[in-house]
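The structure appears below as structure tokens.
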Amino acid sequence: MSTTPEHATTFPANLAVTTGETAPLDIGEPTWTEEQRFKGPSGPRSRVRLTGHLALGGDRPHLISVSEPDPSLVGAGTAAPLRVIFPGWTEAADGFTRHLHDAAAADRPGSRTLTIATDGVSINGPALPYRAAVTRTFTEMARDRLAIISHFAAGGAVTFLGRSMGAVLAMRTAELHLQASPGTLFPLAELQLLSPGVIAADVPEEVTFRSPLDTMPQRLKMFVEFLGHVGADVVRESARHPVEAVKAGRTIVALAAACGHDTRKAAAIGGNLLQLWAGIPWKSIVSVAANYPISVLTGSKDTVREVEQWQTLQGMYPHNVRLRVLGGKGHIMSLDAIRTVGHLAA
């Protein structure tokens with residue numbers, strides 16, 4: 001079913017975005033497939049989340065969710081700010097990613113909220129061919145996101161909210177944004193990284209903040225430890241937030257079933273994991289931290305929190321990098337989405 005609700009924004013028919021490394025990408029009108037109303041924590045005002053498909057160049061469909069700002073909070077002739085959510089591969093614009101999306105939209109009622117599903121993974125989104133699923137790089141995904149975000153920003157300032165693996169994709173997108181010709185893209189105001197899976201690679205010897213993750217075997221060992229941590233964290237967070245845990249459990253079961261039904265989605269997850277293990281070059285992380293404000297929110301129990309890495313960056317760029325570690329919280333703190341999103345601005 002395709003819907004075009006009265007409150008839906010009319011977007012430009014086409015928008016070409018050039019980063020200097022890629023040909024212009026044309027974006028057409030989104031095809032909306034679902035309209036969902038929800039209420040924010042601050043009052044009874046109804047909000048709306050639209051979910052649908054958006055095609056780039058006619059052959060690269062993306063699953064997106066959009067919530068429009070409260071018109072009373074946006075001045076006439078003023079472009080609303082945009083907050084873009086980059087979910088991890090277990091939160092691909094379905095299930096409890098919607099919970100995170102709705103919490104972010106309610107947290108900033110004067111902003112438009114956009115979630116872009118992880119390529120080839122989303123339960124309700126399109127699968128990639130096997131080869132593309134394994135080999136599609138975060139840089140290629142970031143190029144698509146620059147075009148999509150430019151389409152929805154409409155001149156307003158943009159904030160990235162990257163969750164887990166999505167934090168890596170947010171950093172890559174910011175790096176490409178930095179490389180673009182000045183004035184050709186949207187203004188990027190801040191990166192907010194929630195339980196980030198950002199792991200530095202190719203760290204120079206003179207940067208001595210860590211050494212345990214310098215080799216691939218050490219990163220694989222960390223991932224095994226992470227899997228054990230997630231199991232314990234699920235139990236802990238489920239006891240604290242049982243209603244949200246039920247929603248999350250359904251999503252995880254649905255994701256597992258989707259991967260079993262269509263192994264191309266499992267292949268996409270595998271391709272993403274290989275890139276996560278490879279890490280992000282230290283010089284890339286530094287370039288983003290030097291040019292954009294970054295707020296990092298992680299938990300003291302998260303096994304991939306890389307606190308020393310962020311502390312080093314905070315020392316290098318104290319006006320740009322802000323780190324907050326929540327005691328007793330682990331990697332899936334976004335299960336408590338409303339409070340977690342609130343912590344980002346605290």
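Reckoned from all heavy atoms, side chains included, excluding hydrogens, waters and symmetry mates.
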Regarding Ser67 and His101, do their side chains bring together a donor and an acceptor under 3.5 Å, going by distance alone?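 Note: Ser67 and His101 side chains meet the donor-acceptor criterion.
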Nearest atoms (heavy-atom pairs only) where [X] meets [Y]:
X      : Y      : answer
Ala170 : Phe160 : O-CD1, 3.7 Å
Arg136 : Gln275 : O-NE2, 3.0 Å
Glu140 : Thr137 : OE1-N, 2.9 Å
Ser65  : Thr51  : OG-OG1, 2.9 Å
Ala142 : Leu169 : N-CD1, 3.9 Å
Pro81  : Gly110 : CD-O, 3.6 Å

Kindly indicate, with the supporting measurements, whether the criterion side chain to side chain contact (heavy atoms under 4.5 Å, CB included) is fulfilled by Ile199 and Leu276. CA-CA 8 Å; Ile199 300 173; Leu276 283 175; over 6 Å; no
If I take atom [atom1] from residue [X] and atom [atom2] from residue [Y], how far apart are they, to the nearest 0.5 angstrom?
X      : Y      : atom1 : atom2 : value
His151 : Phe186 : NE2   : CZ    : 13.5 Å
Leu54  : Phe152 : CG    : CZ    : 5.5 Å
Arg143 : Thr173 : CZ    : OG1   : 11.0 Å
Gln309 : Leu313 : CD    : CG    : 6.0 Å
Leu193 : Ser164 : CG    : OG    : 11.0 Å
Leu194 : Ser295 : CG    : OG    : 11.5 Å

Would you check if [X] and [Y] make a side-chain contact, meaning some heavy-atom pair closer than 4.5 Å?
X      : Y      : value
Leu178 : Ser287 : yes
Val168 : Phe86  : no
Ile85  : Arg163 : no
Asp302 : Lys329 : no
Leu297 : Leu326 : yes
Leu191 : Met171 : yes
Leu114 : Ile148 : yes
Thr312 : Trp282 : yes

Check this for me, if you would: do Arg49 and Asp102 make a salt bridge, where the nitrogen-to-carboxylate-oxygen distance has to be below 4.0 angstrom?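 Answer for the salt bridge query: yes.
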Does this structure show an ion pair linking Glu175 with Arg172, if we count only N-O contacts that are shorter than 4.0 Å?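 Yes, charged N to carboxylate O under 4.0 Å.
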Taking side-chain contact (heavy atoms from CB on, under 4.5 Å) as the definition, give me every residue that meets it alongside Ser300, ordered by chain and number, with sequence neighbours left out.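 Counting only residues at least two positions away or on another chain, Ser300 forms a side-chain contact (heavy atoms from CB on, under 4.5 Å) with Val325.
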Run the numbers on Glu68 and Val48 for side chain to side chain contact (heavy atoms under 4.5 Å, CB included), then give the verdict. CA-CA 7 Å; Glu68 292 299 303; Val48 175; over 6 Å; no
Under the side chain to side chain contact (heavy atoms under 4.5 Å, CB included) rule, what do Val121 and Lys265 come out as? Steps first, then yes or no, please. CA-CA 5 Å; Val121 175; Lys265 298 194 174 186; 5.6 Å; no
For Glu190, which residues count as a salt bridge (charged side-chain N to carboxylate O under 4.0 Å, His left out) partner, sequence neighbours excluded?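 Applying salt bridge (charged side-chain N to carboxylate O under 4.0 Å, His left out) to Glu190 gives none.
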Using modelled atom types only, decide if a donor and an acceptor are shared between the side chain of Gln192 and the backbone of Leu344 within a distance under 3.5 Å.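 Checked: no pair found.
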Under the ring-ring contact (aromatic ring centres under 6.0 Å, His included) definition, can you give me all pairs with a residue in residues 119-140, not counting sequence neighbours?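 Output for this query is empty, none listed.
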Test side chain to side chain contact (heavy atoms under 4.5 Å, CB included) applied to Ile149 and Ile116, step by step: CA-CA 9 Å; Ile149 295 166; Ile116 307 172; 4.2 Å; yes
Side-chain heavy atoms nearer than 4.5 Å, only ILVMFWY residues, links allowed to pass through others: does that put [X] and [Y] together?
X      : Y      : result
Val198 : Val286 : yes
Leu128 : Ile64  : no
Tyr317 : Ile285 : yes

Just one of Thr159, Thr115, Asp107 clears the side chain to side chain donor-acceptor pair (under 3.5 Å) bar with Arg83, so which one?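 With Arg83 as partner, side chain to side chain donor-acceptor pair (under 3.5 Å) holds for just one option, Asp107.
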Mind checking whether Tyr292 and His177 have parallel, tilted or perpendicular rings, split at 30° and 60°?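 Judged by the thresholds at 30° and 60°, the geometry between Tyr292 and His177 is perpendicular.
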